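Heavy-atom basis, side chains included; hydrogens, waters and symmetry copies ignored. Given the structure is predicted, the values throughout are model-derived calculations rather than measurements.
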Amino acid sequence: IRRSNTETSQLGDPMILTFSNQKPMMLNVAEIVSIAEAGVSSAWHGTNSFIKMKDGETILCDETIWVLYRKIENDQSTQ
């Protein structure tokens, strides 16, 4: 996950997600372009959503788009 020190100070704490490798990681919400629900075959393998970042990277995430939505909403309401 790429983040500059200025982004950290302006945006507060990063959101913590569980990615497809079953490890928690921190993600800068301001760098997210879109979140898409995974299809059945991806979900079978543990990927429930795809997070597209500004740098073009796509991240496979264990959490559903609705869980991500609530986390982002909570993150923005606490800032």
Side-chain angles (χ1 to χ4, degrees):
I1 309 302
R2 294 165 186 85
R3 244 183 33 203
S4 73
N5 291 336
T6 55
E7 288 174 330
T8 303
S9 62
Q10 292 174 354
L11 298 173
D13 295 329
M15 181 173 60
I16 298 176
L17 304 175
T18 305
F19 292 97
S20 60
N21 61 4
Q22 298 295 316
K23 295 182 181 181
M25 296 187 73
M26 292 185 276
L27 180 68
N28 185 344
V29 176
E31 295 298 310
I32 296 174
V33 174
S34 65
I35 301 173
E37 185 175 3
V40 175
S41 61
S42 294
W44 175 261
H45 294 285
T47 299
N48 290 307
S49 60
F50 299 101
I51 303 172
K52 181 79 170 181
M53 305 299 292
K54 286 183 180 178
D55 66 0
E57 182 178 359
T58 299
I59 299 171
L60 310 179
C61 186
D62 289 355
E63 297 167 1
T64 66
I65 60 171
W66 300 111
V67 169
L68 296 174
Y69 174 77
R70 284 191 293 275
K71 285 186 175 191
I72 292 169
E73 191 175 58
N74 289 337
D75 180 63
Q76 291 175 347
S77 68
T78 59
Q79 290 184 12

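Considering only heavy atoms from C-beta on, Ser34 comes within 4.5 Å of Lys52 through its side chain. When side chains are defined from C-beta on, Ser42 counts as touching Phe50, because their heavy atoms get closer than 4.5 Å. Taking the side chain as every heavy atom from C-beta outward, Ile32 and Ile72 approach each other to under 4.5 Å.
Within the model, atoms OG of Ser49 and CD1 of Ile35 stand 6.5 Å from one another, a figure rounded to the nearest 0.5 Å.
Both Trp66 and Leu68 are members of a single hydrophobic cluster when ILVMFWY side chains are connected at heavy-atom separations under 4.5 Å.
Taking both residues in full, the closest heavy atoms of Ala36 and Ile65 are given as C-CG2, 3.7 Å, listed atom of the first, atom of the second, then distance. When all heavy atoms are compared, the tightest approach of Met53 to Ile59 is CG-CD1, 3.7 Å. Contact between Asn48 and Ala43 at its shortest, heavy atoms only, is OD1-CB, 3.8 Å.
Scanning for side chain to side chain contact (heavy atoms under 4.5 Å, CB included) contacts around Val67 gives Glu63, Thr64, Arg70, Lys71, with sequence neighbours left out.
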